[in-house]
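Before any comments, here is the structure.
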Amino acid sequence: MNNIIEKIINNIPSKDLKKCIITTKHKFDDIELVKMAYDFSTTYYERLNNLNDLLLIIKDAKIINLINDLLNIEGKKLEYIKKQEENSFYDVLVYENPSIYDASHYAFKTFLEANDFIKTYIDTLTKDGEGFYEDENIKYQICKRFFNNYSINDFEYSTDEVGYAEYIKGGILFDVSLNIEIENELCNQNCDGGCYECNNICNNNLLLDLAIKYPPFLKKYDLIKYKNYYKKSTYGIILMEQRNDDSSVYCIPLNMGFFSENEFKECHVIHEHIEVAKAELVNINELTQYQKDLYKNLVIFFKKENY
């Protein structure tokens, strides 16, 4: 396997999927490799490096142009976030752990001041003595906002967010995001964001709609582990066989608290679509006794009801 492709595949979160890819000698299309390099890179600059590396091995002119467009867009997005403008300011959001929905807010006039604050915040957290630390899933966002034309005394005073730079543990830049209208304007894209009605290969269509074809390694009723919206490990049951063209699977979480067969009948409504690349197979012995009983009873019920 090419070293560049191997590095991109190694960033796939699921160890079981990576093992299956190696065992089956699965080959990905060039466009799939681009999406994987973008989606699974662990930092912003690793993403740029992986995309640049793909330029060394991809021959298709259209995909080369697409990668160059992506690199150009990523650079312009960060430049736009950093640029101070009239009436702009920076709102730093600190999400201290994955279970917190809202964040602490800190306002600064310049991007540099906001970035320096994150460094100081991390230094304070990591000092010995008070028992504070950075949660593994902590995240920081530097949001660029503009003051609206409201009176400072008006209760309707508000701000407009136009984009943000997101940082992970250690203050490492992970992603940069802009409102679609601003991104299109920056990159001279004639796009209204209606990707579902569009067949063009562009950065929006690639990142949102392209379904990667992974080799099947998940079977019906398999027990899996994945990270939920709050990045907490969650167990679930696969309810549909993974096909070769499935990039996600239909899953019933085990944390819904079913206590009777009548409640089981409603559980298909409470389901999640889990990305194949983020699903890990689990040994039942990893579960608590309650979870083991729940899993066994659910499987018996699903088979009886032919789910």
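No side-chain donor-acceptor contact under 3.5 Å links Glu166 to the backbone of Lys139. A side-chain donor-acceptor contact under 3.5 Å links Asn52 to the backbone of Leu48. Side chain of Asn297 to backbone of Asp293: a donor-acceptor contact under 3.5 angstrom is found. Of the possible polar contacts, one joining the Glu46 side chain to the Thr42 backbone as a donor-acceptor pair under 3.5 Å is found. At least one donor-acceptor pair under 3.5 Å links the side chain of Asp16 to the backbone N or O of Leu281. Gln84 places no side-chain N or O within donor-acceptor distance of the main-chain N or O of Phe111, the cut-off being under 3.5 Å. Of the possible donor and acceptor atoms, one in the side chain of Asp60 sits under 3.5 Å from a partner among the backbone N and O of Lys62. No donor-acceptor distance shorter than 3.5 angstrom exists from the side chain of Ser247 to the backbone of Ile212, with no hydrogens or angles considered. Looking at Asp91, its side chain never comes within 3.5 Å of a backbone N or O of His105 through a donor-acceptor pair.
Counting all heavy atoms, side chain and backbone alike, Lys278 lies closest to Pro13 at CG-CG, 3.9 Å. Taking both residues in full, the closest heavy atoms of Asp246 and Val276 are given as O-CG2, 3.6 Å, listed atom of the first, atom of the second, then distance. Looking at every heavy atom in both residues, Glu241 comes nearest to Lys220 through OE1-N, 3.2 Å. The heavy-atom pair separating Ile118 from Gly171 by the smallest distance is CG2-CA, 4.4 Å. Between Ile81 and Ser177, the closest heavy-atom pair is CD1-O, 4.2 Å. A pairwise comparison of heavy atoms in Pro253 and Glu272 identifies CG-OE1, 3.5 Å as the closest pair.
One finds the NZ atom of Lys76 at 14.0 Å from the CD1 atom of Ile182 (value rounded to the nearest 0.5 Å). A distance of 10.0 Å separates CG in Asp53 from CG in Asn3, rounded to the nearest 0.5 Å. A distance of 8.5 Å separates OH in Tyr295 from CG in Leu287, rounded to the nearest 0.5 Å. Expressed to the nearest 0.5 Å, how far NZ of Lys59 lies from CD1 of Ile64 amounts to 7.5 Å. Taken from CG in Leu66 to CG in Leu71, the straight-line distance is 9.5 Å, to the nearest 0.5 Å. Note that the CZ atom of Phe146 and the CG atom of Asn87 stand 8.0 Å from one another [nearest 0.5 Å].
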TODO: Begin with the C-alpha distance, continue with both residues' side-chain angles, and end with the deciding distance and a verdict on side-chain contact (heavy atoms from CB on, under 4.5 Å) for Met36 and Asn50.
DONE: CA-CA 10 Å; Met36 289 164 62; Asn50 285 342; over 6 Å; no

- [ ] Could you give me the CA-CA distance, side-chain angles and deciding distance for Glu85 and Tyr80, then say whether side-chain contact (heavy atoms from CB on, under 4.5 Å) is met?
- [x] CA-CA 10 Å; Glu85 301 180 63; Tyr80 179 83; 3.6 Å; yes

Task: side-chain contact (heavy atoms from CB on, under 4.5 Å) between Tyr90 and Asn115, worked out - done: CA-CA 10 Å; Tyr90 294 91; Asn115 197 47; over 6 Å; no

- [ ] Give the C-alpha distance, both sets of side-chain angles, the deciding distance and a yes or no for side-chain contact (heavy atoms from CB on, under 4.5 Å) between Leu54 and Ile63.
- [x] CA-CA 10 Å; Leu54 284 175; Ile63 298 179; over 6 Å; no

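Between the side chains of Glu74 and Tyr38, at least one donor N or O sits under 3.5 Å from an acceptor N or O. Between the side chains of Glu6 and Asn10, no donor N or O sits under 3.5 Å from an acceptor N or O.
A chain of hydrophobic side-chain contacts below 4.5 Å, direct or via other Ile, Leu, Val, Met, Phe, Trp or Tyr residues, connects Ile67 to Val176. Note: the hydrophobic cluster containing Leu55 also contains Leu51 (ILVMFWY, side chain heavy atoms under 4.5 Å, direct or indirect links). Ile57 and Ile9 fall within the same hydrophobic cluster, defined by Ile, Leu, Val, Met, Phe, Trp and Tyr side-chain heavy atoms under 4.5 Å apart, directly or through other members. Taking hydrophobic clusters as Ile, Leu, Val, Met, Phe, Trp and Tyr residues chained together by side-chain heavy-atom distances below 4.5 Å, Leu239 shares a cluster with Leu294. In this structure, Val282 is a member of the same hydrophobic cluster as Tyr221, with clusters built from ILVMFWY side-chain heavy atoms closer than 4.5 Å.
Contact of the Tyr95 side chain with the Gln141 side chain is registered, since non-hydrogen atoms from C-beta on lie closer than 4.5 Å. Between Cys20 and His26, the closest side-chain pair of non-hydrogen atoms is not below 4.5 Å. Contact of the Leu254 side chain with the Thr234 side chain is not registered, since no non-hydrogen atoms from C-beta on lie closer than 4.5 Å. Using a 4.5 Å cut-off on side-chain heavy atoms (C-beta onward), Ile8 and Ser41 make no contact. Ile252 is listed as a side-chain neighbour of Phe302, based on a closest heavy-atom distance under 4.5 Å. Under the 4.5 Å side-chain criterion, counting only non-hydrogen atoms from C-beta, Tyr140 is in contact with Ile122. Between Glu161 and Lys144, the closest side-chain pair of non-hydrogen atoms is not below 4.5 Å. For the pair Lys219/Ile238, no side-chain contact is recorded, criterion being any heavy-atom separation below 4.5 Å from C-beta on.
By the 30° and 60° cut-offs, the orientation of the rings of Tyr106 relative to Phe117 is tilted.
Cation-pi contact between Arg47 and Phe174: present, with separation from the ring centre below 6.0 Å and deviation from the ring axis of at most 45°.
Environment of NZ in Lys7: crowded, with over 12 heavy atoms of neighbouring residues, nucleotides or ligands closer than 6.0 Å. More than 12 heavy atoms of other residues, nucleotides or ligands lie within 6.0 Å of NZ in Lys109, so this atom counts as buried by the packing criterion.
Among Gln291, Glu286, Lys292, the single residue meeting the side-chain contact (heavy atoms from CB on, under 4.5 Å) criterion with Thr288 is Gln291. The residue from Thr43, Ile138, Leu173, Val94 that alone fulfils the side-chain contact (heavy atoms from CB on, under 4.5 Å) condition with Tyr167 is Leu173.
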